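Right, one structure below, let's go through it.
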Amino acid sequence: MLGFTVVRTSPGCSTTSGIEVELLVKGHSDLGEVTPEVKASDSQTSVAIADLEWREMEGDDCGFHYGDGANEAQDSDFPTVERSRLQEMLSLLGLETYQAQKLTLQDSLQISFDSMKNWAPQVPKDLPWHFLRKLQALNSEARNTTMVLDMPPDAWPAEKESQMEEEMIYWDPAEDMAADDIYSFSELPMPDTPVNPLDLLCALLLSSDTFLQQEVLLKMSLCQFALPLVLPDSENHYHTFLLWALRGVVRTCCFQPPRGLGSFREDSVVLSRVPTFAFVRMDVSSNSKSQLLNAILSPARRQWDCFWHRDLNLGTNSREIADGLVEISWFFPSGKEDLDVFPEPMAFLNLRGDIGSHWLQFKLLTEVSSAVFILTDNISKKEYKLLYPMKESTTKYYFILSPYRGKRNTNLRFLNRLIPVLKIDHSHVLVKVSSTDNESFVRRIRAIICSVARSPCRRLSVEDMAHAARKLGLRIDEDFEECQKAKERMEKIIRKIKDVDAYKRDELRLQGDPARKAAQVEREFCQLQWVSEPPEKHRAELRRRVLELRVQQNGQEPTSGVQEFILGISSPSLGERQYFLRWMEWGLARLGSPRPRQPPETLLTLRPKLGGASDLNEPFWPEPLGVEHFLREMGQFYEAESCLVEAGKLPAGQRRFAHFPGLAVELLLGGLPLELVDGATLSIPVRWVTGLLKELHVRLDRRSRLVVLSALGAPGTGKSTLLNTMFGLRFATGRSCSPRGSFMQLLPVAEGFSQDLGCDQILVIDSGGLISGALPSAGDRFELEASLATLLMGLSNVTVVSLAEMKDIPPAILHAFLRLEKTGHMPNYQFVYQNLHDLSVPSPKPRDRRQLLDPPSDLGRAATHMEKQGSSFRTLAGLAERQHVWHIPALWHGAPPMATVSLGYSEAIFELKRCLLENIRNGLSNQNQNIQQLIELVRRL
């Protein structure tokens with residue numbers, strides 16, 4: 001048994017009386033509990049010595065004195081000798097050039113030679129880019145910094161590889177001590193990793209701008225990696241609290257049983273107030289904090305490695321610049337009792353390094369945590385003096401000890417003195433030695449955490465933590481002028497939105513009935529091109545009606561909210577524009593936050609089944625207010641004004657909105673997806689899109705050769721997630737929060753690779769929620785979906801058709817195949833079957849793949865009836881031989897929200913990406929086009 005022994009001193013021995021605690025190791029420990037036990041006698045001499053030491057400490061004023069201000073803390077944290085470590089690390093990783101001009105998100109998205117290779121890093125300078133590529137693909141092995149031999153295979157010695165490997169591993173220097181042989185052996189390149197993964201992460205974040213930092217943390221959260229909260233910087237003597245970088249992380253969890261619609265809610269981790277538990281190390285600890293945290297967070301049937309630890313591959317490399325890093329991870333319940341180790345959301349903090357060397361971070365953790373767990377092997381005078389300043393703290397403290405038997409008396413004396421200082425009792429001290437049962441000990445820790453969470457305790461959001469960090473003198477990453485000015489402008493807009501539907505009606509006026517009616521008339525006008533001899537009188541009537549509606553729109557003025565939005569994206573500062581857009585996205589999302597969500601697996605199976613006629617304007621699901629609504633309003637002003645100029649009703653010199661496409665294109669070049677097909681009217685605003693493409697052509701100058709890649713499929717088939725994972729894009733995912741329209745985003749191609757690939761840019765189009773799977777009997781709805789599918793596929797060089805089930809090609813896409821065959825435009829198609837439910841579902845056999853492309857007879861009859869042609873599906877019948885059919889494993893390994901992205905999904909997406917780029921390079925896609933040709937295609941289709 002392992003426990004506390006209580007020693008009572010006799011009244012005559014000393015003026016100091018009380019309880020002293022001794023740690024005794026008596027065989028196998030139980031749950032790590034500490035049991036009080038009376039000791040019969042003790043030496044008066046030892047008591048007197050203890051009292052003498054106590055009096056000496058009192059004379060010293062018990063003091064480690066640490067300042068609250070940033071400068072005082074920084075000077076004590078980092079001795080002068082450490083100041084060169086950061087520069088050495090940045091130089092090793094090839095990041096020193098990114099200190100003045102930071103790495104940007106667009107830098108990481110650029111398509112290059114490396115985008116087509118599943119390459120392994122060979123030198124340290126490869127590591128940052130390798131990490132970014134793996135993280136973009138949501139690869140769970142992104143933190144692995146292993147490097148391969150920096151030697152091409154043809155340069156290896158003539159011996160067989162197996163023989164060479166054997167000589168390298170079992171080489172015995174005693175067998176041959178010739179100097180030449182020794183030197184030749186030492187010069188042989190060996191796999192090596194000179195960089196700790198946490199050092200790599202810190203160096204990369206210190207070299208990145210705030211938007212790339214945000215993207216890195218978002219991808220890390222999807223991989224279930226612990227996220228940096230406080231970023232140390234030993235070179236410049238400040239620590240940065242990463243509030244802005246964490247704002248993009250949104251999680252879904254179950255808040256209340258029983259499960260069902262509404263029990264799941266989506267919220268930002270920055271805004272959620274949850275109990276927080278910090279784990280820190282004091283001096284030396286035989287127990288690993290990170291391993292303990294991983295065990296606490298992991299369900300019974302599997303181990304999660306949220307926190308990198310020393311027993312993982314290459315985790316033992318010493319840290320050079322990452323000491324002082326504070327990481328954060330969350331637990332979110334799924335509503336499944338067998339998986340949920342805690343009943344409510346909780347946050348966990350991990351300080352890398354010793355609290356004595358990083359007192360500022362430790363002080364922050366004591367002010368924001370519900371409880372702090374301190375891991376240490378021993379408590380001596382030094383540790384007592386270190387913790388004495390915490391005597392006024394209201395935080396609950398727990399010790400996890402691994403005591404040395406030879407120092408048990410010292411532990412006894414000073415732990416006893418800490419009990420009244422930290423207001424703890426015996427239940428707050430746990431002992432874990434090599435004989436302790438790990439599972440029982442983890443259960444004990446979980447029970448303590450649940451007990452603290454059930455009692456009145458501190459519950460803070462990350463925003464609240466930032467306020468505490470600011471008071472302590474830490475730098476907050478969003479506390480600078482550009483970011484705060486953008487935030488103020490966003491708040492000016494958001495404050496006026498009391499009711500979303502009323503705001504859309506009153507402030508975004510051009511998107512009401514006039515826009516829908518104009519779109520309907522223009523749709524009828526476009527359909528006349530498929531009629532052999534359309535009556536001219538009907539055409540003239542349609543033109544008159546459109547002009548009348550556009551005159552009505554042009555008579556309106558932009559409302560105050562729209563004007564404020566235009567000012568925000570017109571700022572001369574690129575940074576302020578980007579900050580404003582992000583603030584707008586979050587501010588608008590917060591209007592309905594926390595949003596109710598269906599359980600994750602339900603979202604994958606609920607799909608609209610439109611079998612009968614329906615209103616074209618009836619939404620498939622409620623569309624939240626987003627940035628795209630403000631851009632739509634700008635597009636409608638431009639559309640109306642352009643229509644009047646074309647009709648000669650308005651002189652070109654009197655245009656007020658001609659600069660709108662230029663503003664929008666700046667956003668597109670900055671990485672914002674722009675709407676191609678209006679989700680409100682389910683139509684393409686031709687003049688607005690044409691204006692965007694013309695402006696894009698001017699901005700790109702001579703680098704305007706395009707390849708258009710589109711992804712089509714019904715909502716819920718994973719196409720947006722596929723594109724985001726493949727290219728690092730920002731298309732909205734999740735039906736309950738996604739806009740309905742089709743969006744496009746631009747990917748730049750590196751100049752050194754554009755000649756080889758045959759294009760300068762890749763325009764990626766996501767069909768969004770336009771294609772619902774309506775059956776031919778749905779009438780107008782089906783015809784509309786078929787027209788939109790024809791448009792998107794007709795613009796594309798490469799089309800990815802995303803399928804959730806076998807034989808699940810939406811009828812509208814089948815119809816688009818037939819229509820495009822008549823035009824002679826057949827892009828390169830990739831059919832992607834995604835297993836959305838279970839990792840164990842086998843991939844389809846070749847026979848099944850052929851059946852996938854055999855359309856059911858009723859759809860065949862319906863489509864051929866619309867086309868008034870024979871019953872041949874010869875276009876699709878040959879695709880099984882000419883095109884690829886892919887099987888993508890399940891996205892999640894486990895049950896969301898704590899599931900990790902499966903390695904199989906990540907690797908399959910990379911192979912699909914490599915194949916698409918290879919097809920583009922080899923000219924298997926339709927002939928690449930420039931932007932001018934794309935403009936003509938938009939007008940024609």
Side-chain angles (χ1 to χ4, degrees), residues 504-505 507-527 539 542-559 561-563 565-566 569-570 616-617 626-668 673-697 739-744 770 784 787-788 791 795 931 934-941:
K504 288 181 180 179
R505 181 181 62 251
E507 294 289 316
L508 305 176
R509 302 169 188 166
L510 268 62
Q511 297 174 56
D513 286 337
R516 285 192 288 270
K517 291 176 181 177
Q520 178 62 33
V521 174
E522 291 186 338
R523 189 180 298 118
E524 291 180 29
F525 190 85
C526 289
Q527 288 173 349
R539 293 167 67 99
L542 293 177
R543 288 195 189 96
R544 185 194 63 78
R545 288 167 55 190
V546 168
L547 186 60
E548 188 177 280
L549 292 166
R550 294 304 187 189
V551 168
Q552 182 180 344
Q553 285 183 309
N554 195 59
Q556 300 281 348
E557 291 292 331
T559 59
V562 174
Q563 289 182 30
F565 179 83
I566 293 170
I569 64 173
S570 304
L616 291 179
N617 296 317
V627 170
E628 66 275 2
H629 287 85
F630 291 86
L631 289 170
R632 278 181 201 167
E633 191 77 358
M634 291 172 60
Q636 286 296 319
F637 275 110
Y638 181 86
E639 192 85 10
E641 188 178 74
S642 299
C643 183
L644 267 61
V645 171
E646 290 175 6
K649 300 295 183 181
L650 179 71
Q654 296 182 17
R655 298 194 65 161
R656 295 179 297 162
F657 311 120
H659 63 295
F660 280 5
L663 297 178
V665 164
E666 285 294 335
L667 307 183
L668 179 66
L674 290 186
E675 198 170 40
L676 176 64
V677 178
D678 190 323
T681 62
L682 302 182
S683 65
I684 182 168
V686 177
R687 298 174 186 85
W688 171 244
V689 172
T690 299
L692 292 177
L693 294 176
K694 285 181 177 178
E695 190 65 34
L696 182 63
H697 180 68
R740 292 170 56 197
S742 173
F743 287 78
M744 58 182 176
L770 296 178
L784 174 60
S787 297
L788 293 174
L791 168 68
L795 295 176
I931 294 179
L934 185 62
I935 292 172
E936 291 305 315
L937 265 178
V938 169
R939 287 172 172 162
R940 184 156 51 91
L941 291 172

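Values in this document were obtained by computation on a predicted structure and should not be read as measured data. Computation of the quantities below employed the complete heavy-atom set of this structure, encompassing side-chain atoms and omitting hydrogens, waters and symmetry-equivalent molecules.
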On a heavy-atom basis, the closest approach of V546 and V521 is CG2-CG1, 3.2 Å

Determine the minimum heavy-atom distance between P661 and Y638, stating which atoms define it. CG-CE1, 3.5 Å

So, taking the atom named CG in L692 and the one named CG in L676, what distance separates them when rounded to the nearest 0.5 Å? 9.0 Å

Could you tell me the separation between the CG atom of L542 and the CD atom of Q520, rounded to the nearest 0.5 Å? 10.0 Å

Report yes if some heavy atom in the side chain of V677 is under 4.5 Å from a heavy atom in the side chain of S683; otherwise report no. no

Between S642 and R655, do the side chains contain a donor N or O and an acceptor N or O under 3.5 Å apart? yes

Tell me, with the steps shown, if R632 and E628 meet salt bridge (Lys or Arg N to Asp or Glu O under 4.0 Å). CA-CA 6 Å; R632 278 181 201 167; E628 66 275 2; 5.1 Å; no

Hey, does the side chain of R523 reach the backbone of L682 with a donor-acceptor pair shorter than 3.5 angstrom? yes

4.5 Å side-chain heavy-atom contact, R687 and E522: yes

Contact check, side chains of V627 and F565, non-hydrogen atoms, under 4.5 Å: yes

Between Q511 and Q636, do the side chains contain a donor N or O and an acceptor N or O under 3.5 Å apart? no

If you define the side chain from C-beta out and look only at heavy atoms, does anything of V645 sit under 4.5 Å from Q654? no

Of all the heavy-atom pairs spanning E507 and V562, show the shortest one and how long it is. O-CG2, 3.8 Å

Any non-hydrogen side-chain atom of L547 less than 4.5 Å from a side-chain atom of R543? no

NZ of K517: more than 12 outside heavy atoms within 6.0 angstrom? no

Going through the distances and angles, do R509 and E633 end up as a salt bridge (Lys or Arg N to Asp or Glu O under 4.0 Å)? CA-CA 8 Å; R509 302 169 188 166; E633 191 77 358; over 6 Å; no

For the residue pair Q553 and R550, establish whether any side-chain heavy-atom pair is separated by less than 4.5 Å. yes

Would you sort out whether M634 and I566 count as a side chain to side chain contact (heavy atoms under 4.5 Å, CB included), showing the intermediate values? CA-CA 9 Å; M634 291 172 60; I566 293 170; 4.1 Å; yes

Polar side-chain atom of E695 near backbone of V665 as donor-acceptor pair, under 3.5 Å: no

Rounded to the nearest 0.5 Å, what's the gap from CD1 on I684 to OG1 on T690? Could you check? 7.5 Å

To the nearest 0.5 Å, how far apart are CG in L631 and CD in E675? 8.5 Å

For the CG atom of L693 and the CD1 atom of I931, what is their distance to the nearest 0.5 Å? 6.5 Å

Look at the side chain of E639 and the backbone N and O of W688, then say whether any donor-acceptor pair between them is shorter than 3.5 Å. yes

What is the minimum heavy-atom distance between F525 and R539, and which atoms define it? CE1-O, 3.9 Å

If you round to the nearest 0.5 Å, how far is CG of N554 from CG of L549? 12.5 Å

Side-chain touch L663/H659, heavy atoms, less than 4.5 angstrom: yes

For A680 versus D678, what's the shortest heavy-atom pair and its separation? N-OD1, 2.7 Å

Face-on cation placement of R656 at F637 ring, 6.0 Å and 45° thresholds: no

Heavy-atom closest pair (G626 atom, F630 atom, distance to 0.1 Å) is O-CD1, 3.7 Å

